[in-house]
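Note on naming: letters A, B, ... go to the chains in the order of the sequence lines (proteins, then strands), and numbering restarts at 1 for each one.
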Protein chains: 2
Amino acid sequence: MSASAQKHDVFQAIADPTRREVLKLLAEKELPISEITSHFSISRTAIAKHLQVLSEAELVRGRKQGREKIYQLQLEPLKELKQFYDQFWTNRLSVLKHIMENPGESSLRVIESEKSQD
Amino acid sequence: MSASAQKHDVFQAIADPTRREVLKLLAEKELPISEITSHFSISRTAIAKHLQVLSEAELVRGRKQGREKIYQLQLEPLKELKQFYDQFWTNRLSVLKHIMENPGESSLRVIESEKSQD
DNA sequence: ATTATATAAAACCATTTGGTTTCATGTCAA
DNA sequence: TTGACATGAAACCAAATGGTTTTATATAAT
């Protein structure tokens with residue numbers, strides 16, 4: 001169910017630092033474009049475009065209320081990110097190798113918290 | 001420690017699907033450029049450039065051996081990805097809200113496996 | 001009815017990106 | 001020492017990206 005090849009996927013969407021910031025903002029609470037803009041030093045139009053990209057990736061959803069458009073964070077697509085991460089940082093050979101080659105690093109903690117997955 | 005603002009960070013590096021594929025390949029085992037190239041339909045030069053980007057993001061490391069350059073996956077930077085993910089998908093208000101608004105979804109499992117973090 | 005607000009849409013622009021092709025260089029094998 | 005192989009480097013190109021400014025439209029507020 002779902003998926004489909006939209007023009008912008010999650011990976012591209014979060015590639016831009018401004019976009020990541022916007023997401024952080026929206027994690028606190030939903031906001032209208034103008035208010036989001038006030039947190040940055042670029043034009044409202046630029047922010048609106050970023051929101052479009054995020055929207056295509058379904059990381060945000062915008063509903064129009066009165067004259068303003070309020071954007072809301074959508075967490076769902078972030079799971080794809082986790083999947084990607086897990087593909088590497090789970091009980092894989094690459095991880096074991098990594099540990100062997102990087103003694104005394106904080107890797108183990110990460111693995112501990114990950115291995116209760118599937 | 002580490003960090004520093006390199007030209008390419010992890011987020012940008014993994015934004016490209018080809019680059020993600022390359023990482024997957026290298027997760028199996030280290031490979032020379034030519035061999036990596038053989039898995040794609042684009043030129044060797046193009047792949048070499050992708051490897052440069054990945055290298056700048058420190059997601060791979062290349063050592064020269066004889067006439068070939070062998071690339072190896074580096075898992076470390078992927079942690080930044082996890083951090084980003086956790087920022088949203090951890091016991092945050094946004095997550096609770098998400099669950100309320102999306103009943104009967106697989107969200108809970110994700111949270112279960114995440115909450116043993118810090 | 002008029003004005004101010006909030007966004008939408010379009011045109012434009014410089015830079016970056018993801019490719020290519022071509023030429024140069026180092027290394028292995030015969 | 002002469003090819004063949006693996007990569008490096010440079011020049012070039014079209015399309016995408018991240019911005020801008022300008023113009024239009026809908027909704028509030030006075």
Side-chain angles (χ1 to χ4, degrees), chain A residues 4-26 29-74 77, chain B residues 4-26 29-74 77:
Chain A
S4 78
Q6 313 114 232
K7 191 173 159 203
H8 287 109
D9 63 348
V10 193
F11 296 99
Q12 252 194 265
I14 65 165
D16 184 273
T18 302
R19 241 129 52 197
R20 289 197 298 273
E21 273 304 308
V22 169
L23 292 180
K24 262 193 232 182
L25 267 181
L26 294 179
K29 68 171 189 306
E30 56 178 28
L31 292 171
I33 301 187
S34 52
E35 196 147 342
I36 298 175
T37 304
S38 74
H39 288 268
F40 299 87
S41 49
I42 59 179
S43 73
R44 191 217 80 223
T45 319
I47 294 290
K49 282 197 203 167
H50 280 308
L51 284 167
Q52 266 177 227
V53 174
L54 290 171
S55 206
E56 279 178 44
E58 301 190 73
L59 277 164
V60 302
R61 197 207 309 157
R63 70 174 189 286
K64 184 132 73 176
Q65 188 173 309
R67 60 180 156 185
E68 50 189 21
K69 187 158 184 184
I70 299 181
Y71 278 95
Q72 214 185 326
L73 182 64
Q74 295 299 116
Chain B
S4 77
Q6 312 113 234
K7 189 174 161 205
H8 286 109
D9 62 348
V10 193
F11 296 99
Q12 252 194 262
I14 66 165
D16 184 89
T18 303
R19 240 128 53 195
R20 288 196 298 273
E21 273 304 308
V22 169
L23 291 181
K24 263 193 229 181
L25 267 181
L26 294 180
K29 68 172 191 304
E30 56 178 29
L31 292 171
I33 300 188
S34 52
E35 196 148 340
I36 298 176
T37 304
S38 74
H39 288 266
F40 299 86
S41 49
I42 60 179
S43 71
R44 188 218 82 222
T45 321
I47 294 289
K49 283 196 203 166
H50 280 308
L51 285 167
Q52 265 177 230
V53 173
L54 290 172
S55 205
E56 278 178 46
E58 301 190 74
L59 277 164
V60 302
R61 197 206 310 156
R63 70 174 188 285
K64 185 133 68 176
Q65 186 174 310
R67 58 180 157 184
E68 48 188 22
K69 186 157 183 184
I70 299 180
Y71 277 95
Q72 216 185 324
L73 182 64
Q74 295 298 116

Tightest non-hydrogen contact, residues Phe11(B) and Ala15(A), listed as O-CB, 3.9 Å

Based on Watson-Crick and G-U pairs with both distances under 3.5 Å, what dot-bracket line describes DNA chain D 5' to 3', crossing pairs as [ ] and inter-strand pairs as |?
-> ||||||||||||||||||||||||||||||

Let me have a per-nucleotide readout for nucleotides 15-26 of chain C, 5' to 3', with B, S or -, counting only protein heavy atoms under 4.0 Å.
-> --SSBBB-----

CD-CG distance between Glu68(B) and Leu31(B), expressed to the nearest 0.5 angstrom = 10.0 Å

Qualifying side-chain hydrogen bond (donor to acceptor under 3.5 Å, both in side chains) pairs with a residue from residues 32-45 of chain A, counting only residues at least two apart or across chains = none

With sequence neighbours left out, write down each residue that passes salt bridge (Lys or Arg N to Asp or Glu O under 4.0 Å) with Lys24(B), or none if nothing qualifies.
-> Glu21(B)

CG-CG distance between Leu59(A) and Leu73(A), expressed to the nearest 0.5 angstrom | 7.0 Å

Between CD1 of Ile36(B) and OG1 of Thr18(B), what distance do you get to the nearest 0.5 Å?
-> 12.5 Å

Rounded to the nearest 0.5 angstrom, the OH-CD1 distance for Tyr71(A) and Ile47(A) is 11.5 Å

In short, Gln12(A) meets Arg19(A) closest at the heavy-atom pair O-NH2, 3.2 Å

Closest contact, heavy atoms only, Pro77(B) versus Ala57(B) | CG-O, 3.5 Å

Which pair of heavy atoms, one from Glu58(A) and one from Gln74(A), lies closest together, and at what distance?
-> O-CB, 3.2 Å

When rounded to the nearest 0.5 angstrom, what is the spacing between CD1 in Ile70(A) and CG in Leu26(A)?
-> 11.0 Å

Could you list where the contact with chain B starts and ends along DNA chain D, reading 5' to 3', using a 4.0 Å heavy-atom cut-off?
-> dA4(D) to dA11(D)

Short heteroatom pairs, N/O only, protein and nucleotides 1-3 of chain C, under 3.5 Å:
none

Asp16(A) with Lys49(A): basic N within carboxylate O range, under 4.0 Å | no

